[in-house]
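The block underneath contains the structure these notes are about, expressed in structure tokens.
Position 1 is the first residue of the sequence; numbering continues from there.
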Amino acid sequence: MKFVSWNVNGLRACVGKDFEQSFLNLDADFFCLQETKMQAGQLDLEFLGYRSYWNYAEKKGYSGTAIYAKHEPLSVKYGMGVPVTNADGETTMQYDETSIYNNEGRMITLEYDAFYLVNVYVPNSQDGLKRLDYRMEWEDAFRTYITALDKIKPVVICGDLNVAHQEIDLKNPKTNRRNPGFTDEERDKFTALLGEGFIDTFRTLHPDDVVYSWWSYRFKAREKNTGWRIDYFVCSERLKPNVAEAKIHTDIYGSDHCPVELVLTF
């Protein structure tokens with residue numbers, strides 16, 4: 001079963017840069033998008049054999065996520081749920097799509113028999129780290145949400161997580177130390193998520209490979225391969241035996257990010 005994730009940095013613009021051909025060539029069971037920057041009705045883009053699910057930000061031209069899926073889910077949730085545990089110790093998810101964490105269209109969760117698929121676009125801490133405090137609160141809520149799901153069945157998380165976890169994951173770690181995406185605080189939150197029983201699938205299969213998934217549009221960064229690996233597939237550790245492949249498609253253009261891929265055997 002093939003999963004693909006891609007921050008398209010504006011789907012309407014990406015469609016003008018061979019998105020549809022890339023989509024068909026990758027031929028994934030699940031194709032997850034982040035930063036669609038769309039509102040409902042702005043683009044009619046469907047593919048034969050796929051159902052699509054969209055979460056739009058309230059703010060126009062901002063954020064947004066989508067999933068194209070070949071397989072019909074048991075349930076679909078938009079935004080982040082709140083875990084609720086009953087007297088018997090059973091945990092269920094209570095959803096409030098109007099909460100402060102759910103007005104930017106950052107998450108879609110599809111439920112299947114064997115797993116949950118969570119497509120997420122994690123908030124950027126922004127220049128001057130002016131949104132770092134919000135990011136930290138969001139990370140804690142996200143980790144709580146994911147670990148509650150994991151108690152029910154395994155979880156596959158994908159998307160732009162807006163953090164380079166280790167120094168190997170970006171070109172210039174020393175000069176970027178306090179920049180958004182490479183602060184100690186953001187990296188520690190990623191470590192905390194993994195510590196709850198999850199694995200970074202690419203790094204698990206390729207512990208020493210230097211491959212990036214995002215490059216600035218400035219200074220010919222992609223031409224020079226001055227990049228960051230901030231797009232991930234993270235899954236429950238008990239799915240590790242099912243991880244067959246993890247790839248980063250640096251040869252595919254159309255955005256400042258490239259698609260990343262995971263193949264799981266079930």
Side-chain angles (χ1 to χ4, degrees), residues 5 7-10 32-37 55-65 78-83 96-109 118-148 155 157-196 198 200 202-203 212-219 221 226-234 255-257 260:
S5 174
N7 180 322
V8 292
N9 193 10
C32 301
L33 307 179
Q34 304 89 43
E35 208 170 359
T36 55
K37 295 184 177 179
N55 194 3
Y56 305 104
E58 290 179 4
K59 181 180 177 181
K60 292 182 179 180
Y62 180 73
S63 189
T65 48
Y78 301 96
M80 198 172 339
V82 177
D96 179 6
E97 294 175 14
T98 64
S99 82
I100 61 169
Y101 300 123
N102 294 335
N103 61 2
E104 296 182 350
R106 293 188 177 274
M107 192 184 310
I108 304 172
T109 302
V118 179
N119 178 27
V120 61
Y121 177 38
V122 172
N124 189 294
S125 295
Q126 299 185 352
D127 290 343
L129 302 179
K130 61 186 179 183
R131 216 181 187 200
L132 181 61
D133 289 344
Y134 174 81
R135 167 74 179 264
M136 295 296 98
E137 293 173 7
W138 197 98
E139 291 273 8
D140 289 340
F142 179 69
R143 189 173 63 257
T144 300
Y145 171 66
I146 292 298
T147 53
V155 183
I157 306 162
C158 71
D160 177 357
L161 303 191
N162 257 318
V163 61
H165 185 217
Q166 301 172 346
E167 290 193 354
I168 192 176
D169 295 318
L170 74 166
K171 182 69 171 182
N172 297 308
K174 289 183 173 59
T175 56
N176 281 294
R177 183 65 185 274
R178 287 301 295 169
N179 284 340
F182 199 61
T183 63
D184 292 344
E185 294 92 330
E186 291 162 314
R187 296 168 67 195
D188 287 347
K189 293 298 184 184
F190 192 91
T191 299
L193 176 62
L194 297 183
E196 294 287 349
F198 294 88
D200 172 353
F202 180 83
R203 194 53 71 207
Y212 306 126
S213 66
W214 174 81
W215 305 261
S216 171
Y217 279 133
R218 298 180 295 175
F219 312 122
T226 305
W228 299 48
R229 188 175 74 96
I230 59 176
D231 302 272
Y232 295 83
F233 274 98
V234 171
S255 168
D256 51 351
H257 296 248
V260 297

Heavy-atom closest contact ([X] atom, [Y] atom, distance):
| X | Y | result |
| --- | --- | --- |
| N55 | G79 | ND2-N, 3.6 Å |
| V122 | W138 | CG2-CZ3, 3.8 Å |
| I157 | V155 | CG1-CG1, 3.8 Å |
| F190 | V163 | CD1-CG1, 3.8 Å |
| F182 | A164 | CD1-O, 3.2 Å |
| L170 | Q166 | CD2-O, 3.8 Å |

Quick check for you: to the nearest 0.5 Å, what is the distance between [X] atom [atom1] and [Y] atom [atom2]?
| X | Y | atom1 | atom2 | answer |
| --- | --- | --- | --- | --- |
| E196 | T144 | CD | OG1 | 8.0 Å |
| R203 | I168 | CZ | CD1 | 4.0 Å |
| T175 | R177 | OG1 | CZ | 12.0 Å |
| S255 | W214 | OG | CH2 | 10.5 Å |
| I108 | L33 | CD1 | CG | 8.5 Å |
| C32 | N7 | SG | CG | 12.5 Å |

Please say whether more than 12 non-hydrogen atoms of neighbouring residues, nucleotides or ligands are located less than 6.0 Å from CG in D188.
yes
Should [X] and [Y] count as side-chain neighbours, where that means a heavy-atom distance under 4.5 Å?
| X | Y | answer |
| --- | --- | --- |
| Y212 | I230 | no |
| N9 | K37 | yes |
| H165 | Y232 | yes |
| W215 | D256 | no |
| F142 | K189 | no |

What I want to check is whether the side chains of [X] and [Y] have a donor and an acceptor closer together than 3.5 Å.
| X | Y | value |
| --- | --- | --- |
| S125 | E186 | yes |
| Q34 | D160 | no |
| W228 | D169 | no |
| S213 | D231 | yes |
| Y78 | T65 | no |

Starting from the C-alpha separation in whole Å, work towards a yes-or-no answer on side chain to side chain contact (heavy atoms under 4.5 Å, CB included) for T109 and N119.
CA-CA 6 Å; T109 302; N119 178 27; over 6 Å; no
In E35, E104, R106, the residue satisfying side chain to side chain donor-acceptor pair (under 3.5 Å) with Y121 is E35
Going through the checks in order, is the salt bridge (Lys or Arg N to Asp or Glu O under 4.0 Å) test met by D184 and R178?
CA-CA 8 Å; D184 292 344; R178 287 301 295 169; 5.1 Å; no
Look at R229 together with D200 and state whether they make a salt bridge at an N to O cut-off of under 4.0 Å.
yes
The test is side chain to side chain contact (heavy atoms under 4.5 Å, CB included); show your working for M136 and R131 and say whether it passes.
CA-CA 9 Å; M136 295 296 98; R131 216 181 187 200; over 6 Å; no
Run the salt bridge (Lys or Arg N to Asp or Glu O under 4.0 Å) test on R135 and E139 for me, step by step, so that the C-alpha distance in whole Å, both residues' side-chain angles and the decisive distance to 0.1 Å come before the verdict.
CA-CA 6 Å; R135 167 74 179 264; E139 291 273 8; 2.8 Å; yes
